[in-house]
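Down below is the structure, laid out as structure tokens.
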Amino acid sequence: MRFDILTIFPEFFGALPDQGIVGHGVVSRALRSGLASVQIHDLRSFTHDRHRSVDDRPFGGGEGMVLKPQPIYEALESLHLLPRPQRPGGDEAVILLSAQGQRFTQSTARRLATLHRIVLLCGRYEGVDERVAELLCDEELSIGDYVLSGGELAAAVLLDATVRLLPGVLGHADSSRYESFGEGESTSRDTLPAAPMGASPSYADDGTGREVNLGPRPAVPRSTHASSGILDYPHYTRPAEFLGLSVPEVLSSGDHLAIRRWRRQAALAKTLANRPDLLQTAELSEDDRKYLASLGYTSPA
Ligand code: SAM
């Protein structure tokens, strides 16, 4: 998958091998292994005046400046992405990052991960001339209900969330299926066999912010029984006791069925505490509903 990022701050994204978002973690690994590529384009390279101006005053007056459409048009033209829209259901998307856009969610990331090419256009100042959204972009996406000072952070969020879903990028395909907002099958799957001893690697931070390969995974029950639209369950590692708080005993019991049940219930409890809205659309079993009811949750009619 190819990403093109259009920005007035190209340095924001860093450079391989070790800078910024492209030089770290999962994104860096995907780029090095050729599963994804990222090209950064400076919008000022598509200006023609002495000051390389990308912005101008707003029609109608008011505060701030607005990004002009012409440099964006020329940047997209140089990338052979015009005219737009391309074929409906095509395999590329030109996306404007915008607080006024549709909400970017995990399911948007899953959809984007099926495309071959994504262009991310980062706004600045008061935003981007509206004709860019109308004529040059396929969609307008917001990463949340708050206003950032520029689209670069939003583009980095979208890049990371999408790249980690590309087949082969994460060490284990289940990692992205069985996590918060994941699509993994739900609940009551206690009868599923435990995941086999995995040949796929697991990764951990090496203390410098980089991920190191820890080698084959140990034989464990399938890693999470959250997913199906709820939040992930709580994770613990050594030490077994930290500041007087012990790891739940069941996790050291070796009883995989009990661990799966505990994780499912802990995920439900956490979802109820932090994101009760998710329970309205989550795939819940009878057992889940009973457990939630024991915590005082009643589903809306
Ligand atoms: N005047 C705009 C408004 O009220 O909606 C805010 C413009 S903001 C200061 C500048 C740029 O930051 C936007 O053009 C957009 O690219 C980016 N941005 C701000 N908030 C965002 C969000 N929640 N999601 C995605 N991009 C955002």
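If you read the sequence from its start, that first residue is 1, and numbering goes on from there. Keep in mind the model is a prediction, meaning the values are calculated, not measured. As the structure lists them, so they are numbered: ligands from 1, and atoms in each ligand from 1.
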**Message:** Minimum distance, heavy atoms only, to atom 27 (C) of ligand 1: which one of Gly64, Ala99, Ser149 is it?
**Reply:** Ala99

**Prompt:** salt bridge (Lys or Arg N to Asp or Glu O under 4.0 Å): which pairs involve residues 95-115, sequence neighbours left out?
**Reply:** Arg103-Asp145, Arg110-Glu183, Arg111-Glu139

**Atoms of ligand 1, numbered as shown, that sit under 4.0 Å from any heavy atom of Ala154** = 25 (C), 26 (N)

**Prompt:** What residue and heavy atom of the protein are closest to atom 3 (C) of ligand 1, and at what distance?
**Reply:** Gln100 NE2, 3.5 Å

**Message:** Any atom of ligand 1 sitting under 4.0 Å from a heavy atom of Leu153?
**Reply:** no

**Item:** Note: Asp4-Arg117 ion pair, threshold 4.0 Å (strictly below)
**Value:** yes

**Asked** Any idea which protein heavy atom is nearest atom 24 (N) of ligand 1, and the distance to it?
**Response** Ile143 N, 3.0 Å

**Asked** Can you tell which part of Leu141 has a heavy atom less than 4.0 Å from ligand 1: side chain, backbone, both or neither?
**Response** backbone

**Request:** Tell me which one of Asp145, Val128, Leu121, Leu97 gets a heavy atom nearest to atom 15 (C) of ligand 1.
**Result:** Leu97

**Message:** Surrounding CZ of Arg2 (heavy atoms of other residues, nucleotides or ligands, distance under 6.0 Å), is the total greater than 12?
**Reply:** yes

**Prompt:** Does anything in residues 236-246 pair up under side chain to side chain donor-acceptor pair (under 3.5 Å), and if so which pairs, sequence neighbours excluded?
**Reply:** none

**Message:** Among all protein heavy atoms in this structure, tell me which lies nearest to atom 6 (C) of ligand 1, with the distance rounded to 0.1 Å.
**Reply:** Val147 CG1, 3.8 Å

**Message:** Before you tell me yes or no, could you show the steps for Arg164 and Glu179 under salt bridge (Lys or Arg N to Asp or Glu O under 4.0 Å), namely the whole-Å CA-CA distance, both residues' side-chain angles and the distance that decides it to 0.1 Å?
**Reply:** CA-CA 12 Å; Arg164 66 191 293 285; Glu179 63 183 358; 2.8 Å; yes

**Request:** May I ask whether Tyr125 places a heavy atom under 4.0 Å from ligand 1?
**Result:** yes

**Item:** Minimum-distance protein heavy atom relative to atom 1 (N) of ligand 1
**Value:** Glu126 O, 2.9 Å

**Distance-only N or O hit between ligand 1 and Leu148, under 3.5 Å** = yes

**Asked** Between Glu126 and Glu63, which heavy-atom pair has the shortest distance, and what is it?
**Response** CG-O, 3.4 Å

**Asked** Going by an N to O cut-off under 4.0 Å, is there a salt bridge joining Asp42 and Arg44?
**Response** no

